[in-house]
Amino acid sequence: MLYTFATGTFVANVSWQDQNLPQLFQQLLTPTDELEFQKFADGPNTSAAPLIALIRAEYSIIPTVVNACFIYSALSCANTALFVASRQLYGLTRTITVEEDSNVVRRILAWMSTINHKTKTPWPAIAMSALFFCWLPFIRIRDTESEYLQDVCVTAVLTLKHVR
C-alpha cells in the first residue's frame with residue numbers, strides 16, 4: 001500500500017513530458033519549450049521520478065537523503081541475492097560425492113559444498129556466487145544506443161567460446 005501511495009504521488013507530481021525521465025526503447029520524449037519540463041541545467045543528473053519530484057519541489061537536502069536510501073536498499077538487495085544464491089548452490093552440491101575416478105566438474109561441484117569449520121560458512125559457494133553475479137552492475141553500460149542487454153549476452157557467450 002505504501003509503494004502504491006508513493007508511486008501515485010510521483011506520477012501526480014512529475015509530468016510525462018519531463019526531459020529528465022529516461023527514454024524507453026530509444027523513443028524521444030515530446031519536445032517542449034516550457035521551462036518546468038526542461039532538463040536540469042546546473043542541478044543533479046537523475047532520471048528517478050522520486051528525485052525529480054523532490055528537486056522540482058525545490059527541497060535542498062531531501063533528494064540527497066532519498067538517493068542515499070535508494071543506494072542502501074540496492075546494496076541490501078544485492079547482499080540478500082548473494083546470500084540466497086550461495087545457500088542454494090551449497091544445497092545443490094552438498095550431496096555430491098567424489099571418488100577416485102570422478103571428473104573435474106564433479107570435483108569442483110563437491111568442493112563448493114565444503115564448509116569452513118571456524119566460521120561455519122560455505123565460503124566456496126559464496127565466492128562462486130559472487131563471481132557469477134559480478135557482471136550484473138555492467139548491464140546498462142554501453143557506448144552506443146544499441147540493445148545493451150543483447151550486447152552483454154553476446155559478449156558473454158563469445159567469451160565462453162574462447163575459454164573452451
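In this chain, numbering begins with 1 at the start of the sequence shown.
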Can you tell me how far apart [atom1] ([X]) and [atom2] ([Y]) are? Round to the nearest 0.5 Å.
X	Y	atom1	atom2	value
Ile126	Thr119	CD1	OG1	7.5 Å
Leu75	Thr80	CG	OG1	10.5 Å
Met128	Trp123	CE	CH2	10.5 Å

Quiz item: Do the side chain of Ser76 and the main chain of Tyr72 share a donor and acceptor less than 3.5 angstrom apart?
Solution: no
Quiz prompt | Polar side-chain atom of Arg107 near backbone of Glu99 as donor-acceptor pair, under 3.5 Å | solution = yes
Exercise. Evaluate the side-chain proximity of Ser129 to Arg87: yes if any heavy-atom separation is below 4.5 Å, no if none is.
Key: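 No; the side chains remain at least 4.5 Å from each other.
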Quiz prompt | Side chains of Tyr90 and Ile115 in contact at under 4.5 Å (non-hydrogen atoms) | solution =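 They are in contact (side-chain heavy atoms under 4.5 Å apart), so the answer is yes.
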Could you see if [X] belongs to whatever hydrophobic cluster contains [Y]? Use Ile, Leu, Val, Met, Phe, Trp, Tyr and a side-chain cutoff under 4.5 Å.
X	Y	answer
Val104	Leu109	yes
Phe133	Phe83	no
Val105	Trp111	yes

How close do [X] and [Y] get, counting heavy atoms only, and between which atoms?
X	Y	answer
Arg106	Thr97	NE-O, 2.8 Å
Thr95	Leu92	OG1-O, 4.5 Å
Pro63	Leu54	CG-CB, 3.7 Å
Ala125	Ser86	CB-O, 3.5 Å
His117	Lys120	O-NZ, 3.0 Å
Leu89	Thr93	O-OG1, 2.9 Å

Self-check item: Greater than 12 external heavy atoms within 6.0 Å of Phe70's CZ
Solution: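 Enclosed: over 12 neighbouring heavy atoms sit under 6.0 Å from CZ of Phe70.
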